[in-house]
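None of these values were measured; they are calculated from a predicted model.
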Amino acid sequence: MEFLSQAGISKDALYIISTYLVLSLLSILVIYVFKRKSNKEIQKLEEKYRVDSEAKAKQDK
C-alpha cells in the first residue's frame with residue numbers, strides 16, 4: 001500500500017477500483033450462470049420438440 005501512495009494513488013481511488021473490479025466479476029458470473037441455465041432450457045425444449053415431432057411422424061404413418 002505504501003508504494004501506491006508514493007505513486008500518487010489514494011485509498012479512495014483504490015476502493016473505487018477494487019469495488020468496480022468485484023462488481024464486474026460478479027456481473028460476469030451472473031451472466032455466465034443465466035446463460036448456462038437458458039442453454040439447458042433450450043436443450044430441453046429442443047428435445048421435447050424432437051420427441052413430439054417423432055411421435056407425430058409415427059402417428060401419421
Side-chain angles (χ1 to χ4, degrees):
M1 255 339 203
E2 186 72 27
F3 68 94
L4 291 173
S5 58
Q6 288 176 354
I9 300 175
S10 68
K11 279 188 176 183
D12 292 337
L14 288 176
Y15 286 134
I16 292 170
I17 291 169
S18 61
T19 302
Y20 174 77
L21 288 175
V22 167
L23 291 177
S24 298
L25 291 173
L26 282 174
S27 66
I28 290 170
L29 179 66
V30 167
I31 290 169
Y32 173 76
V33 167
F34 279 109
K35 182 174 173 57
R36 193 167 172 170
K37 181 180 176 185
S38 67
N39 284 345
K40 285 182 181 178
E41 289 176 357
I42 289 171
Q43 287 176 346
K44 285 180 184 177
L45 289 173
E46 287 175 344
E47 179 68 21
K48 183 177 183 281
Y49 176 76
R50 186 182 64 78
V51 168
D52 289 346
S53 62
E54 287 177 357
K56 185 177 181 187
K58 286 181 182 177
Q59 193 177 31
D60 290 343
K61 287 184 178 180

Summary of salt bridge (charged side-chain N to carboxylate O under 4.0 Å, His left out) pairs that have at least one residue in residues 20-47, sequence neighbours excluded: E47-R50
Residues which pass salt bridge (Lys or Arg N to Asp or Glu O under 4.0 Å) with D12, listed by chain and number, not counting sequence neighbours: none
Straight-line distance of L29 CG to S24 OG, nearest 0.5 Å: 12.5 Å
Nearest-0.5 Å distance, CD1 of residue I16 to CG of residue L21: 12.0 Å
Inter-residue atom distance L25.CG - Y20.OH, 0.5 Å rounding: 10.0 Å
